Amino acid sequence: MPELPEVENVRRSLLQLVQGKTIQGVEASWPKIIKQPLEVEQFYDALRDQTIHDLQRKGKFLIFILDDYALVSHLRMEGHYSVNQNGDPADKHTHVTFMFSDGTELRYRDVRKFGTMHLFKKGEEDKELPLAKLGPEPFSPSFSSEYLKVEFQKTERIIKTVLLDQTIVAGLGNIYADEVLYKAKIHPERKAKTLTEKEIEKLSREMAQTLEDSIVAGGSSVNTYMDSMGLSGTYQERLKVYGRNGEACLDCGTILEKTKVAGRGTHFCPTCQKNP
DNA sequence: ATCAGGACCTGGCAGC
DNA sequence: TGCTGCCAGGTCCTGA
């Protein structure tokens with residue numbers, strides 16, 4: 001399930017494979033992935049003869065920068081891009097294919113069909129959903145522990161829910177939310193507004209550090225994630241709580257627990273992360 | 001206004 | 001063995 005570090009690794013590997021290529025045609029065998037425009041024919045027409053100039057990322061979204069358009073793509077849990085030769089055998093989970101003028105094609109594969117694509121006129125993408133309401137990333141200049149403190153004070157919600165809210169901070173998903181709460185020794189069900197200044201400072205440092213470390217490690221290959229070169233990440237070996245329920249806490253030896261918080265599987269150490 | 005929970009999907013696996 | 005049914009997850013939408 002790609003979160004920010006995984007999407008960043010996809011961006012870096014895929015950019016090398018598609019930059020400068022011109023789209024000759026598009027085919028979607030599962031058009032529901034394309035959310036905007038509403039008519040898939042308009043999607044095909046708009047993309048014809050467009051050249052890919054850049055591939056950017058905001059939070060967990062990939063943004064293909066074309067001549068006149070920006071294509072915003074979210075991989076959700078299992079979305080995956082690859083570049084193939086035109087005649088390569090098709091995979092039954094490939095749902096959108098972008099055919100290039102050089103005989104290669106970009107294939108979007110997504111077993112669960114959860115991914116989304118939105119096409120906007122270039123420059124309009126930031127003004128519309130899904131990008132419009134994205135908050136800052138943990139390493140962006142507008143992010144700070146002061147910013148977090150203000151946001152936490154505004155809500156009655158528990159901290160885990162707030163960390164997963166992309167309008168507050170962009171980029172954390174279920175894996176890294178559990179990891180940073182563990183590292184900051186904060187119980188996932190604490191109300192965000194009850195966190196002390198020290199805890200918020202620790203938490204905001206861990207958010208940036210954890211995501212950066214994971215990017216360098218190639219992301220976490222939990223389940224099926226690979227980058228567009230087919231490489232797996234290694235950060236899953238460094239996860240301290242996610243998926244380790246039943247095993248010993250690396251700090252205190254207590255058996256790690258898994259519960260459900262806000263409808264999500266949530267891993268934590270009942271000793272290190274007390275709920276007062 | 002705020003927030004919780006449902007819908008979207010399918011492969012994998014536990015339980016009968 | 002073969003079936004059922006639940007779980008995984010991020011985001012938008014709905015309704016309380």
Side-chain angles (χ1 to χ4, degrees), chain A residues 1-8 10 28-38 40 57-63 72-80 91-96 108-120 125-135 137-138 150-181 188-194 207 211 214 219-226 233 235-236 239 241-246 257-267:
Chain A
M1 54 215 76
E3 300 179 27
L4 189 152
E6 293 74 39
V7 178
E8 177 58 19
V10 170
S29 56
W30 190 263
K32 277 181 146 177
I33 286 172
I34 297 152
K35 303 293 181 187
Q36 160 80 28
L38 295 174
V40 72
R57 180 190 57 72
K58 280 198 177 152
K60 305 171 196 168
F61 292 89
L62 285 168
I63 310 164
V72 179
S73 167
H74 197 301
L75 305 171
R76 287 300 221 278
M77 269 63 73
E78 308 207 3
H80 178 79
D91 179 287
K92 76 167 183 173
H93 298 300
T94 295
H95 304 305
V96 185
Y108 178 72
R109 181 180 187 276
D110 188 344
V111 170
R112 290 193 193 158
K113 301 175 175 171
F114 256 31
T116 59
M117 295 184 192
H118 292 78
L119 188 67
F120 299 105
E125 69 274 15
D126 287 335
K127 300 172 193 162
E128 312 243 14
L129 284 177
L131 296 185
K133 293 184 179 170
L134 273 192
E137 297 179 0
V150 170
E151 292 299 320
F152 287 178
Q153 284 304 319
K154 286 185 196 168
T155 180
E156 295 297 321
R157 292 184 292 167
I158 59 174
I159 184 65
K160 169 134 187 189
T161 305
V162 175
L163 292 186
L164 291 174
D165 183 344
Q166 305 295 301
T167 70
I168 311 245
V169 195
L172 289 181
N174 204 39
I175 297 174
Y176 297 110
D178 282 2
E179 290 298 307
V180 299
L181 286 171
E189 292 179 283
R190 290 263 305 277
K191 279 200 171 190
K193 61 164 47 168
T194 68
M207 288 162 79
L211 293 183
S214 183
S220 299
S221 291
V222 175
N223 297 335
T224 58
Y225 165 78
M226 284 185 289
Y235 195 79
Q236 69 278 5
L239 295 175
V241 280
Y242 185 90
R244 294 193 66 244
N245 41 305
E257 293 184 9
K258 179 176 181 183
T259 55
K260 203 147 205 164
V261 175
R264 303 291 150 78
T266 297
H267 313 72

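In this text the structure is predicted, and so the values were computed from the model without any measurement. Note on naming: letters A, B, ... go to the chains in the order of the sequence lines (proteins, then strands), and numbering restarts at 1 for each one. All values below were derived from every heavy atom in this structure, side-chain atoms included, with hydrogens, water molecules and symmetry-related copies excluded.
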Considering only nitrogen or oxygen atoms on both sides, find all protein atoms under 3.5 Å from nucleotides 8-11 of chain B and state each distance.
| residue | atom | partner | partner atom | Å |
| --- | --- | --- | --- | --- |
| B:dC9 | OP1 | A:K32 | NZ | 3.0 |
| B:dC9 | O4' | A:R112 | O | 3.4 |
| B:dT10 | OP1 | A:K113 | NZ | 2.6 |
| B:dT10 | O2 | A:R112 | NE | 3.3 |

Got a list of protein N/O to nucleotides 2-4 of chain B N/O distances below 3.5 Å?
| residue | atom | partner | partner atom | Å |
| --- | --- | --- | --- | --- |
| B:dC3 | OP1 | A:T155 | OG1 | 2.8 |
| B:dC3 | OP1 | A:E156 | N | 2.9 |
| B:dC3 | OP2 | A:T155 | OG1 | 3.4 |

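Between A:E3 atom CD and A:E8 atom CD the span is 14.5 Å, to the nearest 0.5 Å. Atoms CE and CG, on A:M207 and A:L181 in that order, are 9.0 Å from each other to the nearest 0.5 Å.
In plain terms, the two heavy atoms of A:L4 and A:G59 that are nearest each other are CG-O, 3.9 Å. In this structure, A:L129 and A:F120 approach most closely via the heavy-atom pair O-CZ, 3.2 Å.
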* Test log, rule side chain to side chain contact (heavy atoms under 4.5 Å, CB included), inputs A:V96 and A:M117 -> CA-CA 10 Å; A:V96 185; A:M117 295 184 192; 4.0 Å; yes

* To do: Let me see the working for A:Y176 and A:L211 under side chain to side chain contact (heavy atoms under 4.5 Å, CB included), right down to the final yes or no.
  => CA-CA 8 Å; A:Y176 297 110; A:L211 293 183; 4.0 Å; yes

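As rounded to whole Å, 11 Å separates atom P of C:dG10 from atom OH of A:Y176. A:L172 has its CG atom 15 Å from the C1' atom of C:dG9, to the nearest Å. Counting to the nearest Å, the P atom of C:dC12 and the CG atom of A:L164 are 14 Å from each other. Nucleotide B:dA1 holds its P atom 11 Å from the NZ atom of A:K133, rounded to whole Å. When the P atom of C:dC7 is taken as reference, atom CG of A:N245 falls 15 Å away, rounded to whole Å. Atom pair A:L62:CG and C:dG10:P shows a separation of 16 Å (rounding to whole Å applied). Rounded to whole angstrom, the span from the CD atom of A:E3 across to the P atom of C:dG9 amounts to 9 Å. Atom P of nucleotide C:dC7 and atom CG of A:N174 are separated by 15 Å, given to the nearest angstrom.
Under the rule for a salt bridge (Lys or Arg N to Asp or Glu O under 4.0 Å), A:R264 has no partner lying at least two apart in sequence or in another chain. Every residue two or more places apart in sequence or in another chain was checked for a side-chain hydrogen bond (donor to acceptor under 3.5 Å, both in side chains) with A:K133, and none qualifies.
For the pair A:P130 and A:K260, both in contact range of DNA chain C, the more 5′-proximal nearest nucleotide belongs to A:K260.
Rounded to 10 degrees, the angle separating the terminal helix axes of the helix from B:dT2-C:dA16 to B:dC16-C:dG2, each built from five base pairs, is 60°.
For A:Y242, counting side-chain heavy atoms from C-beta on, the closest listed nucleotide (C:dC12, C:dT11, C:dA8) is C:dA8.
There is no side-chain donor-acceptor pair under 3.5 Å between A:Y108 and A:T94.
Across all strands, A:K191 comes closer than 4.0 Å to no nucleic acid atom at all (heavy-atom distances). Within the nucleic acid shown, A:G263 has no heavy atom closer than 4.0 Å to any nucleic acid atom.
Between C:dG10 and A:Q166, no contact under 4.0 Å exists linking OP1 or OP2 to a side-chain N or O.
Between A:K193 and A:E156 there is a salt bridge, since at least one side-chain N of the basic residue sits less than 4.0 Å from a carboxylate O of the acidic one.
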Return all side-chain donor-acceptor pairs below 3.5 angstrom for residues 160-170 of chain A, not counting sequence neighbours, or 'none' if the list is empty.
| residue | atom | partner | partner atom | Å |
| --- | --- | --- | --- | --- |
| A:K160 | NZ | A:N174 | OD1 | 2.6 |
| A:K160 | NZ | A:D178 | OD1 | 2.6 |
| A:K160 | NZ | A:G265 | O | 3.4 |
| A:K160 | NZ | A:T266 | OG1 | 3.0 |
| A:D165 | OD1 | A:T167 | N | 2.9 |
| A:D165 | OD1 | A:T167 | OG1 | 2.7 |
| A:D165 | OD2 | A:R157 | NH1 | 3.3 |
| A:D165 | OD2 | A:R157 | NH2 | 2.8 |
| A:D165 | OD2 | A:T167 | OG1 | 3.4 |
| A:Q166 | OE1 | A:G171 | N | 2.9 |
| A:Q166 | NE2 | A:L164 | O | 3.2 |
| A:Q166 | NE2 | A:L172 | O | 2.9 |

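Counting only heavy atoms from C-beta outward, the side chains of A:E179 and A:L239 approach each other to under 4.5 Å.
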